[in-house]
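Working notes, beginning with the structure itself.
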Amino acid sequence: MGKIDLKSITLEELKSLFKNIGEKEYRADQTFGFIHKNMCNSIKDITVLSNGLKDKLEKEYTISNINIIKRYDSKIDNTKKYLFLLEDNNIIESVAMEYKHGLSLCVSTQVGCRMGCKFCASTKEGLVRDLTPGEMLSQVYAVQLDLNTQVNNIVLMGSGEPLDNYDNVIKFLNILHDEKGKNLSYRNMTLSTCGIVPKIYSLADENIPITLSISLHSPFDEVRKSIMPIGKKYFIMDIIKACDYYVNKTNRRITFEYTLIEGTNDRKEALEELIRLLRGKLCHINLIPLNPIKEFDKNSSKMTNVESFKEGLNKHGISTTIRREMGSDINAACGQLRRSYIEKSYKRNINSLVR
Ligand code: SAH
């Protein structure tokens with residue numbers, strides 16, 4: 001059996017691990033701080049532990065790491081896209097975006113995705129595997145180390161469906177929030193889902209006040225089903241009910257993402273139905289002009305239509321923004337970078353590519 005990754009376990013678990021091997025509790029606190037504050041990637045680097053204890057730990061435990069293969073810097077807006085190599089040679093991507101309120105990191109939760117949304121590049125080869133909490137944390141720490149700064153917000157909008165990797169994602173958020181680690185407020189975390197309804201209820205019951213973001217993309221089940229297979233399993237009204245429960249439980253405003261696809265979900269009837277569906281709710285709408293991918297033969301709605309959606313929604317008191325396209329010069333929608341990179345260079349010796 002492989003070694004257990006100390007980066008993937010909570011402080012509570014680390015404490016019981018230390019207790020079981022006859023070590024003092026404060027040693028677990030120190031170790032946790034070394035991994036999650038100092039961001040160290042080797043048991044050897046935990047200088048507060050004796051050499052004897054480090055040798056003992058190394059027999060059964062490890063600290064996982066990921067390596068930057070390549071960083072793409074946008075010349076337009078300072079966005080940076082990272083390609084990371086995992087220990088099993090899988091590749092994922094993360095995107096660091098600079099906003100007024102600090103650095104936001106778009107984190108991947110799975111290698112690939114099995115949700116099959118027609119317009120999304122991340123799902124084209126299905127799900128390869130779930131990421132561990134350590135691998136999600138490593139994306140944050142690798143970027144912090146690379147840019148020598150703190151990540152202030154994380155959004156789970158990279159590849160993968162976070163609620164399809166539920167336990168690992170919750171653990172990741174919990175570790176990131178721990179005051180003995182990175183100590184990031186739950187308010188600075190956003191989880192985006194295509195709408196796995198039972199898991200929305202579970203998330204509400206976790207009592208962690210993160211922002212929930214729902215990829216709605218149509219107010220009509222028939223249209224939604226045609227672009228998002230998950231729409232066949234869970235209907236829009238089920239999602240809305242789950243969102244109401246989430247708002248009641250957490251008092252947090254929900255975001256609905258709406259990718260505008262020309263001729264598919266951008267007609268006047270869709271706008272009217274969207275207003276009917278969401279008017280009066282504690283929510284915000286994020287309109288996203290479609291980022292075209294080669295496997296999906298549709299265009300983004302015209303900007304004038306995107307604007308008129310915004311105006312129409314605002315007129316009915318529904319807070320709406322248009323998502324600014326970030327890093328448009330360094331390869332578009334999430335998942336595209338990884339795919340084009342794999343297509344071009346997977347046959348080469350991947351280890352020689354690590355920066
Ligand atoms: N699995 C999660 C995270 C996906 S990525 C989810 O479904 O929410 C974050 C957002 O980008 C989602 O709303 C997703 O539907 C959207 N998206 C994916 N590909 C896109 C594309 N090519 N153009 C515009 N939006 C896209």
Side-chain angles (χ1 to χ4, degrees), residues 81 92-95 97 104-127 130-131 136 139 153-166 168-169 172 189-197 199-200 203 210-218 223-231 233-234 236 239 242-243 246 254-262 264-266 283-301 303 306 309 321-328 331-340:
K81 295 201 176 188
I92 53 167
E93 62 188 89
S94 317
V95 186
M97 295 156 291
S104 264
L105 188 68
C106 180
V107 172
S108 289
T109 54
Q110 295 178 315
V111 183
C113 181
R114 60 178 177 143
M115 295 298 128
C117 298
K118 295 275 193 301
F119 47 82
C120 179
S122 305
T123 196
K124 293 301 164 203
E125 273 121 33
L127 175 68
D130 287 335
L131 294 182
M136 293 180 241
Q139 296 170 56
N153 297 282
I154 62 120
V155 292
L156 301 185
M157 293 188 185
S159 70
E161 166 49 49
L163 296 186
D164 190 39
N165 183 16
Y166 188 86
N168 284 342
V169 165
F172 161 65
M189 307 178 190
T190 298
L191 183 151
S192 177
T193 177
C194 61
I196 303 183
V197 168
K199 299 290 184 189
I200 297 175
L203 187 65
I210 60 172
T211 301
L212 176 63
S213 191
I214 304 283
S215 298
L216 188 63
H217 305 329
S218 175
V223 176
R224 196 165 188 269
K225 273 187 233 176
S226 73
I227 48 174
M228 301 175 74
I230 192 77
K233 189 153 184 198
Y234 303 112
I236 292 167
I239 295 179
C243 288
Y246 190 87
I254 302 231
T255 300
F256 290 96
E257 286 152 277
Y258 199 103
T259 292
L260 279 155
I261 308 164
E262 192 173 49
T264 299
N265 63 359
D266 67 345
C283 71
H284 175 86
I285 299 195
N286 203 356
L287 298 172
I288 315 171
L290 174 76
N291 210 330
I293 60 168
K294 66 173 189 291
E295 298 86 348
F296 183 63
D297 190 21
K298 301 264 178 185
N299 296 316
S300 169
S301 307
M303 227 30 217
V306 178
F309 255 69
T321 46
I322 299 171
R323 188 191 288 173
R324 205 152 45 94
E325 199 187 351
M326 304 288 282
S328 52
N331 210 335
C334 186
Q336 286 195 62
L337 192 59
R338 167 177 172 266
R339 291 198 71 220
S340 64

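Sequential numbering from 1 along the given sequence is applied to the chain's residues. Counting starts at 1 for both ligands and their atoms, in listed order.
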Regarding Ser108 and Ser159, is there a side-chain donor-to-acceptor distance under 3.5 Å anywhere? yes
Can you list the residues that meet the salt bridge (charged side-chain N to carboxylate O under 4.0 Å, His left out) rule with Asp164, with sequence neighbours excluded? Arg114
N/O to N/O below 3.5 Å, does that happen between Asn291 and ligand 1? yes
Which ligand 1 atoms does Phe119 reach within 4.0 Å, using its non-hydrogen atoms? 15 (O), 17 (N), 18 (C), 19 (N), 20 (C), 21 (C), 22 (N)
From atom 1 (N) of ligand 1, work out which of Cys194, Ser192, Gly160 has a heavy atom at the shortest distance. Gly160
Heavy atom of Met115 under 4.0 Å from ligand 1? no
What is the minimum heavy-atom distance between Thr109 and Asn165, and which atoms define it? O-ND2, 3.0 Å
Where on Ile214 is there a heavy atom closer than 4.0 Å to ligand 1, on the side chain, on the backbone, on both, or on neither? neither
Those atoms of ligand 1 less than 4.0 Å from some heavy atom in His217: 13 (O), 14 (C), 15 (O)
Of the options Thr211, Thr255, Thr321, which is the one that meets His284 in a side-chain hydrogen bond (donor to acceptor under 3.5 Å, both in side chains)? Thr321
All side-chain contact (heavy atoms from CB on, under 4.5 Å) counterparts of Lys225, not counting sequence neighbours: Asp221, Glu222, Lys232, Phe235
Contact region, Glu257 to ligand 1, non-hydrogen atoms below 4.0 Å, reads side chain
Kindly give the heavy-atom pair with the smallest separation between Leu216 and Arg224, and that separation in Å. O-NE, 2.9 Å
Options Ser122, Gly158, Cys120, ranked by nearest heavy atom to atom 4 (C) of ligand 1, top entry: Gly158
Compare all side-chain heavy atoms of Phe309 with those of Ser301 and state whether any distance is below 4.5 angstrom. no
Does an N or O anywhere in Ala121 fall below 3.5 Å from an N or O of ligand 1? no
